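Along the sequence shown, the residues carry numbers beginning at 1. All of these numbers come straight from a predicted model, not from anything done at the bench. Start at 1 and go down the list; that is how both ligands and their atoms are numbered.
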Amino acid sequence: MNTNILQNKVVVVTGGSSGIGRAIAINAARHGAKAVVVSDISPDPREGGVPTTDEIKALGVATTFVKADVSKKEEVDALVEAASEFGGVDVMVANAGISLKADGPDVSADDFRKLLAVNLDGTLFSAQAAARQMKANGKKGSIVLMASMGGLSGAGITVAYSTSKGGVVLMAKSLADALGPDGIRVNAVAPGTIDTHLLRTAPGIAEAAEGFRLRTPLRRLGQPSEIGDAVAFLGSDLSSYVTGTALLVDGGLLAVI
Ligand SMILES: NC(=O)c1ccc[n+]([C@@H]2O[C@H](COP(=O)([O-])OP(=O)(O)OC[C@H]3O[C@@H](n4cnc5c(N)ncnc54)[C@H](O)[C@@H]3O)[C@@H](O)[C@H]2O)c1
């Protein structure tokens with residue numbers, strides 16, 4: 001569905017080449033964004049197809065790709081600076097995140113650090129750079145952090161991943177408190193099982209996906225664009241009194257298990 005809820009907003013999306021981030025970026029354009037800055041470590045979608053910016057251009061919306069590894073603070077700072085070309089960031093979506101091939105109670109120290117560097121450091125760097133620019137421009141912006149249902153409920157097969165996503169939920173609440181007086185809202189989105197490359201390739205999760213589906217009240221996996229619509233709502237003025245929350249978009253799964 002196309003709307004104008006993001007009219008006049010400049011949207012920046014990390015991890016925007018594939019999966020959920022790609023859908024967030026494309027849906028931002030469908031919801032009337034003025035410009036969409038797509039960032040990732042590679043412009044190519046992991047699931048195949050044309051780069052996200054090509055899809056956005058086809059919708060007639062201004063866009064650019066900025067290569068940035070969110071675990072590197074200087075690259076994230078440069079990414080947010082690139083939004084100045086369009087007037088500065090209004091909606092920052094810190095979506096980039098990874099899972100591990102070997103997660104669980106015996107996760108290695110190296111893997112744990114690698115995961116936290118992307119899922120926690122990268123999310124913090126993204127929020128910090130956006131908040132700094134929003135304050136400098138006097139913008140009452142919206143920052144959306146990508147958490148997970150796994151950040152609200154634990155699972156033995158995702159000890160490291162769930163730990164990181166639980167941190168993202170509390171990061172959103174803490175930043176909401178810190179930035180609220182400047183009119184900057186910070187929320188987390190907590191997707192359930194969404195049909196992406198990450199879900200299909202994460203050991204343990206991929207095998208568990210059918211079980212999750214059968215326990216989900218809506219009896220299906222979510223589509224990336226359904227997360228894109230939730231993010232558009234949190235980025236828009238429709239959610240002007242919503243901050244510090246973690247919005248579950250999970251087909252009802254956590255309501256019943
Ligand atoms: N798929 C799900 O079911 C699900 C559920 C809950 C939460 N999530 C979260 O949603 C977000 C997106 O997941 P997805 O399923 O679309 O994954 P995906 O693997 O399909 O896409 C992730 C994108 O992030 C990029 N990326 C990875 N490391 C990066 C880095 N260091 N810097 C910048 N970009 C990087 C990848 O290149 C890729 O384009 C993640 O934070 C993930 O944890 C996914």
Review point. Given G97, A117, A147, which one has a non-hydrogen atom that is nearest to atom 7 (C) of ligand 1?
Key: A147
Is [X] close to ligand 1, meaning an N/O of one under 3.5 Å from an N/O of the other?
| X | value |
| --- | --- |
| D69 | yes |
| S17 | no |
| R46 | yes |
| I194 | yes |

Among all protein heavy atoms, pick the one closest to [atom] and tell me residue, atom and distance.
| atom | value |
| --- | --- |
| atom 36 (C) of ligand 1 | D40 OD1, 3.5 Å |
| atom 24 (O) of ligand 1 | G15 CA, 3.5 Å |
| atom 42 (C) of ligand 1 | Y161 OH, 3.5 Å |

Review point. Can A190 be said to touch ligand 1, with heavy atoms closer than 4.0 Å?
Key: no
Practice item. Would you please determine whether K165 falls within less than 4.0 Å of ligand 1 on a heavy-atom basis? Key: yes
Check your understanding: Hey, is R22 touching ligand 1 through its side chain, its backbone, both or neither, going by heavy atoms under 4.0 Å?
Key -> neither
Review point. Ligand 1 versus I98, non-hydrogen atoms closer than 4.0 Å: side chain, backbone, both, neither?
Key: side chain
